[in-house]
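Side chains included, hydrogens not; waters and symmetry mates left out as well; all remaining heavy atoms used. To find a chain, count down the sequence lines: A is the first, B the second, and so on, and within it residues start at 1.
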There are 2 protein chains.
Amino acid sequence: MESEELRNVGLKVTSPRLKILSLLENAKAKHMTAETIYRQLGESGEVIGLATVYRALAQFEAAGLITRHQFEGGQTVFELERGPHHDHIVCVRCGRVEEFYDKVIEDRQREIAENLGFTLSDHALTLYGECSGGTCPAKNG
Amino acid sequence: MESEELRNVGLKVTSPRLKILSLLENAKAKHMTAETIYRQLGESGEVIGLATVYRALAQFEAAGLITRHQFEGGQTVFELERGPHHDHIVCVRCGRVEEFYDKVIEDRQREIAENLGFTLSDHALTLYGECSGGTCPAKNG
DNA sequence: CTTGCACATGAGAATCATTATCATGTAGCA
DNA sequence: TGCTACATGATAATGATTCTCATGTGCAAG
Ligand SMILES: [Zn+2]
Ligand SMILES: [Zn+2]
Ligand SMILES: [Zn+2]
Ligand SMILES: [Zn+2]
């Protein structure tokens, strides 16, 4: 359970941390802002200080439990680090976020870094465009 | 000259705009924050309001004269849009920024977007790592 | 089962980059 | 030259995130 996860990464098991982790697992949206997490918890009766949410998220990230993404224009979003690495494509109209993984790109990144004399430690790749989903205003423009 | 550039994109030619454009062209650093631009202008006797710097940069970007990048941890940087498109690799130790262009990655991005039903309009790719440059503290442990 | 202490929490203040306001100045065209 | 829409600058406001500090608590040692 979630208590295990916290212990495994050396964090004390506390009520706010459990609630935040649990929300991240059960929420309908996979990518959430700190504000959203704070509000959703509040609405379901689990009132937690906003500062605590930010602190917990920072610790979860440092511990490798979650990742942080900064999509342009929007605020920082967090998501559970489950499954393999992936990057994102964001609809500039409706905000829909899809995930993808591309081995060709991942490999090229490593080669590029090497050629430039860098030891690659991380990367951020986000594509932006207009989607053709049913909820996208771009469809019935 | 710079006046031409401004006229060509439909912006009035004003003293602050000319000074900012000129600084971007002559500065040693290619990627600069609004603050840095503001401070460097002030130090060279060309005092301009910070708000004006931000406004001008936003207009230059909308006009396609410059591009904006948000490297993680740091603040937004701007650079002249000259020459072909490129992405960046940033040293997480010393902050050094190098540029690169990779056709394989660019092409793959377009394909990925199409496969997901998106019309690609933009992308942000930044690699992070440790460089081996002479100024990098990573070199002398 | 207690106890102690390092660490966690929450409310609110503080910070920092960026944007908005508004009174005044000016580019560019008739 | 004069008009008018737009630009400027000082400053206030905003919004996300972080800090402060008084208080509460997980948990390991006894
Ligand atoms: Zn994701
Ligand atoms: Zn869409
Ligand atoms: Zn660049
Ligand atoms: Zn370096």
Side chain of Thr52(B) only, please: which of dG10(C), dT8(D), dA16(D) is the nearest?
dT8(D)

Start at the 5' end of DNA chain C and walk down; is the nucleotide closest to Phe78(B) or to Gly49(A) reached first?
Gly49(A)

Contact class for Thr76(B) vs. all strands (heavy atom < 4.0 Å): base, sugar-phosphate, or nothing?
sugar-phosphate

Check the distance between dT26(C)'s P and Leu18(B)'s CG and give it to me in whole angstrom.
15 Å

In whole angstrom, give the distance that lies between atom CG of Leu6(A) and atom P of dA8(C).
11 Å

Rounded distance in Å - CD (Glu2(A)) to C1' (dG26(D)):
18 Å

Mind calculating the distance between NZ (Lys12(B)) and C1' (dC3(D)) to the nearest angstrom?
11 Å

Go through it in stages, so that I can follow the logic: the residues are Arg82(B) and Glu5(B), the test is salt bridge (Lys or Arg N to Asp or Glu O under 4.0 Å), and I'd like the CA-CA distance, side-chain angles, deciding distance and then a yes or no.
CA-CA 12 Å; Arg82(B) 295 281 163 80; Glu5(B) 277 192 274; 2.8 Å; yes

Find which nucleotide of DNA chain D each of Ile48(B) and Tyr54(A) is nearest to by heavy atoms, and output the residue with the more 5' nucleotide.
Ile48(B)

To the nearest Å, how far apart are Ile20(A) CD1 and dT9(C) C1'?
11 Å

Nearest whole Å is fine: how far is dT14(D) P from Glu35(A) CD?
16 Å

Below the 4.0 Å mark, does dT8(D) have OP1 or OP2 next to a side-chain nitrogen or oxygen of Thr14(B)?
yes

Closest to the Arg17(B) side chain, choosing from dA8(C), dT8(D), dT17(D):
dT8(D)

Tyr38(A) atom OH is separated from dT17(D) atom C1', nearest whole Å, by 14 Å

Once you round it to whole Å, what is the distance between C1' of dT8(D) and CD of Glu46(B)?
15 Å

Please report the C-alpha distance between Leu125(A) and Asp102(A) in whole Å, then the side-chain angles of each, then the deciding distance to 0.1 Å, and finally whether the side-chain contact (heavy atoms from CB on, under 4.5 Å) criterion is met.
CA-CA 11 Å; Leu125(A) 169 60; Asp102(A) 189 81; over 6 Å; no

Return the orientation label for the His31(B) and His86(B) ring planes: parallel under 30°, perpendicular over 60°, tilted otherwise.
perpendicular

Taking all non-hydrogen atoms of both residues, which atom of Tyr128(A) and which atom of Gln70(A) are closest, and how far apart?
OH-O, 4.5 Å

Looking at every strand, decide which applies to Thr33(A) at a 4.0 Å heavy-atom threshold: base, sugar-phosphate, or nothing.
nothing

So, under a plain 3.5 Å distance rule, would you say the side chain of Arg55(B) forms a donor-acceptor pair with the base of dG9(D)?
yes

Compare the minimum distances between each of dC7(C), dT11(D), dT18(C) and the side chain of Leu50(B), then state the nucleotide with the smallest one.
dT18(C)

Is any side-chain heavy atom of Leu65(B) closer than 4.5 Å to one of Gln59(B)?
no

